[in-house]
Trainee: 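Once you've had a glance at the structure underneath, I'll fire off some questions.
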Amino acid sequence: MAWQSNQTSGSDFILLDLFHGTPVPQVLVARTLVDLLVALLGNSTILLLIWADPLLHNPMYFLLSQLSLMDLLYICTFVSKMVLVFLSGDRRISFIGCSFQMFLFTTLAGSECLLLAVMAYDRYMAICQLLRYPILMRPRVCVLLVLVTWLGALLNAMIHVIYTLTLPYCGSREIHHFFCEIPALLKVVCVDTSQYEKGVFVSGVIFLLPPISAILGFYGSILSTVLGMGSRQGLRKALTTCSSHVIVVSLFYGAAIIKYIVPKSYHTPEQEELVSIFYTIITPMLNPLIYSLRNKDVARAFWKVLGK
């Protein structure tokens, strides 16, 4: 406690050092740095390829570029801070820095929930409404859909973050988490937050269940349409096109449901941290690999750019 009183100011928070307390922290840090580099390289490459190759200038890859942008923001903001805390030994984060982390994470999590549903809608239109697809998913519509995902998430983040920051914090202001996330901050608030926590739960349900229901509906329609064609080649092509997105959806929504829908009594703070690692490290690293390894268009664009 003496260390904390010497190292903190009235407006500073103290973050958890995720690596200390583990048997081999240096190994975990090295692994995290490798994951960070893989995620940076993978997502930056996808953004570059989509920008450089005219054949990738279509709705599917425009939406994928937004996902890669979100992943870059995740890793640059949260993973870099986590590694810096370990290397410097300074676990402090300013009130402004904590506010920024909360706002950015809440915005990114909400926008990705909505974006994954928009990506499923795009695949539904491309397969089930093929003749009308160029009109229904024209560039203006794509931009509008992306703006809705960002603005909806921004509005939700502003409401929650502004309210959370007005609450009184007490004691050492030590957050049992490796970045500032609303559920973690509520644990160091000096007043009863049970009513507000119900609001956070409702917000999580709104941002999770409707998109999940929409995604299931879209892929149900896709499966029904393809099976109705009676073409093995069509089924194989549809599965190849949609499988990457299904994997990403399963990883993201699975972690989100555990974090925001499953009651707190069913998971410990350590398990919550593990789930948060999915958002900030695992999925940003895996997403470009999942979308590129089985995607011939991305592979072709990569070799084309590399050849130049």
Side-chain angles (χ1 to χ4, degrees), residues 42-43 45-71 111-153 207-253 283 286-305:
N43 288 288
T45 300
I46 285 184
L47 284 171
L48 175 63
L49 293 177
I50 293 173
W51 172 79
D53 192 338
L55 294 179
L56 298 183
H57 293 177
N58 58 54
M60 175 175 149
Y61 293 107
F62 172 67
L63 297 175
L64 177 57
S65 70
Q66 296 299 305
L67 182 64
S68 293
L69 175 62
M70 292 175 187
D71 287 341
S111 58
E112 188 163 344
C113 282
L114 301 176
L115 180 68
L116 291 174
V118 173
M119 294 173 78
Y121 171 74
D122 171 68
R123 292 300 83 206
Y124 163 75
M125 287 296 179
I127 295 172
C128 301
Q129 304 287 337
L130 181 59
L131 296 179
R132 301 171 61 198
Y133 180 72
I135 298 175
L136 295 175
M137 290 299 291
R138 59 190 182 275
R140 183 178 296 179
V141 173
C142 293
V143 172
L144 180 62
L145 289 172
V146 169
L147 282 176
V148 168
T149 65
W150 280 105
L151 292 176
F207 270 83
L208 286 172
L209 293 189
I212 291 174
S213 301
I215 290 170
L216 291 175
F218 291 140
Y219 280 115
S221 298
I222 290 172
L223 186 60
S224 176
T225 299
V226 174
L227 290 176
M229 295 177 181
S231 170
R232 289 188 176 182
Q233 183 178 359
L235 178 61
R236 189 180 303 111
K237 184 177 181 180
L239 290 176
T240 301
T241 303
C242 300
S243 59
S244 299
H245 185 250
V246 171
I247 294 171
V248 171
V249 164
S250 301
L251 289 173
F252 180 83
Y253 283 112
T283 54
L286 291 179
N287 284 350
L289 299 177
I290 292 170
Y291 276 106
S292 60
L293 290 178
R294 299 184 61 187
N295 192 306
K296 294 180 181 179
D297 291 335
V298 173
R300 176 198 52 75
F302 176 77
W303 292 112
K304 179 181 176 182
V305 171

Trainee: How long is the straight-line distance from CG of Leu116 back to OG of Ser111, given to the nearest 0.5 Å?
Mentor: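 Those atoms lie 9.5 Å apart.
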
Trainee: Does the side chain of Leu115 come within less than 4.5 Å of Trp150's, by heavy atoms?
Mentor: no

Trainee: What is the minimum heavy-atom distance between Cys113 and Leu208, and which atoms define it?
Mentor: SG-CD2, 3.7 Å

Trainee: Which pair of non-hydrogen atoms, one from Pro211 and one from Tyr253, has the smallest distance, and what is that distance?
Mentor: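 Nearest heavy atoms, Pro211 then Tyr253: CB-OH, 3.3 Å.
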
Trainee: Working to the nearest 0.5 angstrom, can you tell me the gap between Leu64 CG and Leu56 CG?
Mentor: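 Here the interatomic distance stands at 9.0 Å.
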
Trainee: Once you round to the nearest 0.5 Å, how far does CG of Leu216 lie from CG of Leu209?
Mentor: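 The distance works out to 10.5 Å.
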
Trainee: Could you give the distance from CE (Met119) to OG1 (Thr149), rounded to the nearest 0.5 Å?
Mentor: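 That separation rounds to 11.0 Å.
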
Trainee: Under the ring pair (Phe, Tyr, Trp, His ring centres under 6.0 Å) test, which residues partner Phe252, sequence neighbours left out?
Mentor: Tyr279

Trainee: How far does CG of Leu63 sit from CG of Leu67, to the nearest 0.5 angstrom?
Mentor: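 That separation rounds to 9.5 Å.
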
Trainee: Between the side chain of Asn58 and the main-chain N/O of Tyr61, is any donor-acceptor distance below 3.5 Å?
Mentor: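 Checking the backbone N and O of Tyr61 against the side chain of Asn58, a donor-acceptor pair under 3.5 Å is found.
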
Trainee: May I have all residue pairs that pass ring pair (Phe, Tyr, Trp, His ring centres under 6.0 Å) and include part of residues 111-132, sequence neighbours excluded?
Mentor: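 Those involving residues 111-132 are Tyr121-Phe218, Tyr124-Phe218.
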
Trainee: Considering only residues two or more places apart or on different chains, which pairs with a residue in residues 141-153 satisfy salt bridge (charged side-chain N to carboxylate O under 4.0 Å, His left out)?
Mentor: none

Trainee: Do any N or O atoms from the side chain of Ser221 and from the backbone of Gly217 form a donor-acceptor pair under 3.5 angstrom?
Mentor: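 Checking the backbone N and O of Gly217 against the side chain of Ser221, a donor-acceptor pair under 3.5 Å is found.
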
Trainee: Compare all side-chain heavy atoms of Asn287 with those of Ile46 and state whether any distance is below 4.5 angstrom.
Mentor: no

Trainee: Do the side chains of Ile50 and Phe62 get nearer than 4.5 Å, heavy atoms only?
Mentor: no

Trainee: Restricting to pairs with a member in residues 45-67, which pass salt bridge (charged side-chain N to carboxylate O under 4.0 Å, His left out), not counting sequence neighbours?
Mentor: Asp53-Arg300, Asp53-Lys304

Trainee: Which atom names give the shortest non-hydrogen contact between Met137 and Met125, and what distance separates them?
Mentor: CG-CB, 4.1 Å

Trainee: Got Asp71 and Glu112 here, is their nearest side-chain heavy-atom distance under 4.5 Å?
Mentor: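 Sidechains of Glu112 and Asp71: in contact.
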
Trainee: With sequence neighbours excluded, what pairs up with Tyr133 under the side chain to side chain donor-acceptor pair (under 3.5 Å) test?
Mentor: Asp122

Trainee: To the nearest 0.5 Å, tell me how far Asn43 CG sits from Leu289 CG.
Mentor: 9.0 Å

Trainee: Decide if atom CG of Leu147 counts as having more than 12 heavy atoms of other residues, nucleotides or ligands within a radius under 6.0 Å.
Mentor: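 Above 12, so yes.
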
Trainee: List the residues meeting side-chain contact (heavy atoms from CB on, under 4.5 Å) with Leu47, not counting sequence neighbours, and say none if there are none.
Mentor: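 For Leu47, the residues satisfying side-chain contact (heavy atoms from CB on, under 4.5 Å) (neighbours in sequence not counted) are Ser65, Ser68, Leu72.
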
Trainee: What verdict does the side-chain contact (heavy atoms from CB on, under 4.5 Å) test give for Leu136 and Val141, after you've listed the backbone C-alpha separation in whole Å, the side-chain angles of each residue and the deciding distance to 0.1 Å?
Mentor: CA-CA 7 Å; Leu136 295 175; Val141 173; over 6 Å; no

Trainee: In the structure I gave you, are the side-chain heavy atoms of Val248 and Thr283 within less than 4.5 Å of one another anywhere?
Mentor: no

Trainee: Quick one: does Ile127's side chain get under 4.5 Å of Val226's, heavy atoms only?
Mentor: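 They are in contact (side-chain heavy atoms under 4.5 Å apart), so the answer is yes.
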
Trainee: Counting only heavy atoms not in Leu144 (residues, nucleotides, ligands), do more than 12 fall under 6.0 Å from its CG?
Mentor: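 More than 12 within 6.0 Å, yes.
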
Trainee: Is the backbone of Ala120 close enough, under 3.5 Å, to the side chain of Arg123 for a donor and an acceptor to pair up by distance?
Mentor: no

